[in-house]
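The structure appears below as structure tokens.
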Amino acid sequence: MPKDFNQLNFKEKQIYLDKLRHSSAHVLAEAVIKLFPKAKLTIGPPIEDGFYYDFDVQNAFTPKDLKKIEQEMRRIINQDTDFIEREVTRDEAMLSVKDNQFKIEILESIPKNEKITLCSHSNGNFEDLCRGGHVDKTGDIKALKLMSTSGAYWRGDEKNPMLQRIYGTAWESKESLDNYLNRRQEAKKRDHRKLGRDLDLFFFDDLSPASPYFLPKGTIILNELYKYVRELYEKYDYKEVVTPQIFDTELWKLSGHYSNYSENMYFVKQDEKEHGVKPMNCPAAAMLYKSKSHSYRDLPLRLADFGRLHRYERSGVTHGLTRVRTFTQDDAHIFCTVNQIGIEIKSFLDMLSESYKTFGFNEFRLALSTRPEKKVGDDKIWDNAESILKEVLDKFSSDFTIEDGEGAFYGPKIDVFVPDAIGREWQLGTIQLDFSLPDKFDLEYTSQDGTRTNCVVIHRAMLGSMERFLGVLIEHLSADFPLWLTPVQSIIIPITDKHNEYCNLINVKLKNAGIRSEIDKSNERMNAKIRQAQLKKIPYMIIIGDKELENQTISIRSRTQKNSDVISIIDFIINIKEEIKLRTL
RNA sequence: GCCUCGGUGGCGCAGUGGCUAGCGCAGCUGAUUUGUAAUCAGCCGGUCGUCGGUUCGAAUCCGACCCGAGGCUCCA
């Protein structure tokens, strides 16, 4: 560690850690070569919190190998030799990697005018083609741990050979490493898959892989989410519709999904005809729009559809609630004129940030994706659309990224990303312009001058997949749901069973007030009941004993506050209803 | 899809060729009637992911398949 590491600012620390991790990757490479002389080196960059190195080897590394490799790395680090970079000619570099097709490929991809450097440590015993950027000595790697192995395709392309990757983490001090490992432990506790089971929210089963079953408690949360979105729809002037689930393949041929998306679709045969289960709502929305003729006066028309979607996802990519094969979205399609695009997008982003704030997602990332190579519509339309999106984004947020060429073939889009507990980012909201759908489905309106004009379609989802949103939300809140969302809002705990009757009375009052309340009449001591309630993350515990019965009061213990308040049932109901209504976080 | 690891009662785990496969939690029954995070006791529950093979004998070894976990363009 540089003496003044703690004096460095955030950016400088990052730069130092990158060097440290990149250096660690070199040490890893040396250790692997020493233990597995036939291994071929490929690339070994620093990543967030660590580094990896991809090797071309016969057999995959086992956990035992990992231990041995780590030991060898320790030895190299203890030797505390200097990292040395030297510039070489292209020919010299080529000679040094002549047996390694991967390095040759890398070398060939380096622009002609760029310098070529080799880096070494261990007194020159190990040398690797490398752009540079190391710590001074191997001994500067103060804390290190190999984390895992995995297969990884060369350059990430599954057509390429698969390499074996080793992930590691490296830090400037032992404390930082411990800190990091602790953080991972904590994040694991927030894993929505675990919490979902523990709190009886949902489960999965082999007979319908990657398809969640929502238990009553999970369903309450989902329904509260729908309810909230519907309230916003009211406010922002959307109309909700319900559309079919399964369509004659004709529709998917018309929409283009049959040729572009069929590998992600489920098909069923009935009456000698092929039908596709919908993976998206848009064709149905288009049919709905077409069911009557429209005037410019009808626009913008915002049609919301919570339709259930099915998408076949490859077996290796599904993940808890965040990547499933069947889900619903708070999906809507906005049919509008070209001139209305800007204002519609602005209004949507307003609604989106209003809702994200309600959930405590104060930091989300916006990404604008622009025209890809394969696209419909001429450049003029795209120029216009992209500049509208940029303009809205500029006004809306100082901080968004532009992903060139990442747009859908039918139009540019803005995606909203939110990180989960372990730092993985998930796309939640999205807003996409579509120049293709109106054309394919003849979505027209009669304009002021009586001519028929194609409208513009905007696809948009705010929370995105409701299932994914719930998954990310569970991790974000550690399942400490705000009162309005939580399945059981209060639990009444009688101290002995002679208090049961009074508890029944309170429960009826709470239920009449629309509060989701339960009584714990189990044959347990109060302490155990409190523990249960805490573990189930129930916001309010109502403790009832002799005192409460006598004074006709209740004792409140909240999940965050041990000390209980003794208040009247009326006051409690007033407070709790206010908290629900305001959707207090 | 591909690579590695894994799959034992509802959940979390132990058990690596040999007696009726264990433990904790949960569930059920009984006793206890207790003031802010676990009362005690008893009972129920498993063809060890599925199918096939090796073996006198398989949860344990081998193969296939299913499911899950961590990864699979953060570039010398």
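Proteins get letters first, then strands, A, B, ... in listed order; numbering begins at 1 in each. As the structure is a prediction and not an experimental result, all values here were calculated from the model.
Nearest-nucleotide mapping onto RNA chain B: of A/Leu107 and A/Glu158, the residue sitting toward the 5' end is A/Glu158.
If you take CD of A/Glu48 and P of B/rC75, they are 13 Å apart, rounded to a whole angstrom. A/His319 has its NE2 atom 12 Å from the C1' atom of B/rG68, to the nearest Å. The distance from atom CZ of A/Arg155 to atom C1' of B/rC75 is 7 Å, rounded to the nearest whole Å. Atom C1' of nucleotide B/rC74 and atom CG of A/Asp18 are separated by 10 Å, given to the nearest angstrom. Across the protein-nucleic acid pair, A/Trp154 atom CH2 and B/rG71 atom C1' stand 17 Å apart, rounded to whole Å. Rounding to whole angstrom units, CZ of residue A/Phe61 and P of B/rG71 are separated by 18 Å. Atom CG in A/Leu146 sits about 20 Å away from atom P in B/rG70, given to the nearest Å. Nucleotide B/rC75 holds its C1' atom 10 Å from the CG atom of A/Asp54, rounded to whole Å.
Proximity of A/Ser315 to the phosphate of B/rG1: a side-chain N or O atom is located under 4.0 Å from OP1 or OP2. Listed pair A/Arg197 / B/rG12 meets the phosphate criterion, a side-chain N or O lying under 4.0 Å from OP1 or OP2. Note on A/Tyr167: a side-chain N or O is less than 4.0 Å away from OP1 or OP2 of B/rC72. Between A/Arg165 and the phosphate of B/rG70, there is no side-chain N or O to OP1/OP2 separation shorter than 4.0 Å.
The pairing partner recorded for B/rG52 is B/rC62, the criterion being a Watson-Crick or G-U wobble arrangement whose two distances lie under 3.5 angstrom. Base pairing of B/rC23 is made with B/rG12, judged by Watson-Crick or G-U wobble geometry with both donor-acceptor distances under 3.5 Å. Summarising the base pairing, B/rG17 is matched to no nucleotide, lacking a Watson-Crick or G-U wobble pair whose two defining distances lie under 3.5 Å. Nucleotide B/rG68: paired with B/rC5 (Watson-Crick or G-U wobble, both distances less than 3.5 Å). Across all strands shown, the partner of B/rC40 is B/rG30, judged by Watson-Crick or G-U wobble contacts whose two distances both fall under 3.5 Å. When both pairing distances are held under 3.5 Å, B/rG35 makes no Watson-Crick or G-U pair with any nucleotide shown.
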What string of B, S and - do you get for nucleotides 29-39 of chain B 5' to 3' if you count protein non-hydrogen atoms under 4.0 Å?
-> --BBBBBBBBB
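Comparing the P positions of B/rA64 and B/rC5 gives an interatomic distance of 13 Å, to the nearest angstrom. A distance of about 34 Å separates the C1' atoms of B/rC56 and B/rC67, rounded to the whole Å. Annotation: B/rA59 and B/rG18 have their P atoms spaced 10 Å apart (nearest Å). Across B/rA26 and B/rG35, the matching C1' atoms stand 26 Å from one another, rounded to whole Å. When the P atom is compared between B/rU29 and B/rG68, the two are found 36 Å apart, to the nearest whole Å. A distance of about 45 Å separates the P atoms of B/rC44 and B/rC2, rounded to the whole Å. One C1' atom belongs to B/rC62, the other to B/rG46, and the distance between them is 25 Å to the nearest Å. Rounded to whole Å, the separation between the P atoms of B/rU33 and B/rC25 comes to 23 Å.
The base of B/rG1 sits with one of its N or O atoms less than 3.5 Å from a complementary donor or acceptor on the side chain of A/Tyr153.
Contact annotation for A/Tyr312: backbone-only contact, meaning every heavy-atom pair under 4.0 Å involves sugar-phosphate atoms and none involves a base. The residue A/Glu108 sits apart from the nucleic acid: no heavy atom pair falls under 4.0 Å. Nucleic acid contact class of A/Phe203 (heavy atoms, under 4.0 Å, all strands): none. Base contact: A/Lys115 has a heavy atom under 4.0 Å from a base atom. In this structure, A/Ala210 reaches the sugar-phosphate backbone alone: every heavy-atom distance under 4.0 Å involves primed, P, OP1 or OP2 atoms, never a base. Here A/Ile116 lies in heavy-atom contact (under 4.0 Å) with a base. At a threshold of 4.0 angstrom between heavy atoms, the contacts of A/Val97 with the nucleic acid are absent.
Here the nucleotide nearest the side chain of A/Ala152, chosen from B/rC72, B/rC74, B/rC67, is B/rC72. Nearest to the side-chain atoms of A/Arg314 among the listed nucleotides B/rC67, B/rG1, B/rC74 stands B/rG1.
Of the charged side-chain nitrogens involved, at least one lies within less than 4.0 Å of a carboxylate oxygen, so that A/Glu403 and A/Arg365 count as a salt-bridged pair. Under a 4.0 Å N-O distance rule, the pair A/Arg86/A/Glu92 qualifies as a salt bridge. Checked for salt-bridge contact, A/Asp140 and A/Lys19 miss the test: no charged N lies under 4.0 Å from a carboxylate O. Classification of A/Lys189 and A/Glu186 as a salt-bridged pair holds, one side-chain N sitting under 4.0 Å from a carboxylate O.
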For A/Lys145 and A/Glu70, run salt bridge (charged side-chain N to carboxylate O under 4.0 Å, His left out): C-alpha distance rounded to whole Å, both residues' side-chain angles, the deciding distance at 0.1 Å, then the answer.
-> CA-CA 7 Å; A/Lys145 186 173 164 64; A/Glu70 199 176 301; 5.4 Å; no
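Between atom CD of residue A/Glu87 and atom NZ of residue A/Lys115 there is a gap of 5.0 Å, rounded to the nearest 0.5 Å.
Closest heavy-atom contact between A/Thr318 and A/Glu313: CG2-CB, 3.9 Å.
Partner of A/Ile542 under the side-chain contact (heavy atoms from CB on, under 4.5 Å) criterion, chosen from A/Ile519, A/Asp520, A/Leu510: A/Leu510.
Scored by the salt bridge (charged side-chain N to carboxylate O under 4.0 Å, His left out) test, A/Asp128 finds A/Lys103 as partners (sequence neighbours excluded).
If you look at A/Trp426 and A/Phe417, their ring centroids are not closer than 6.0 Å.
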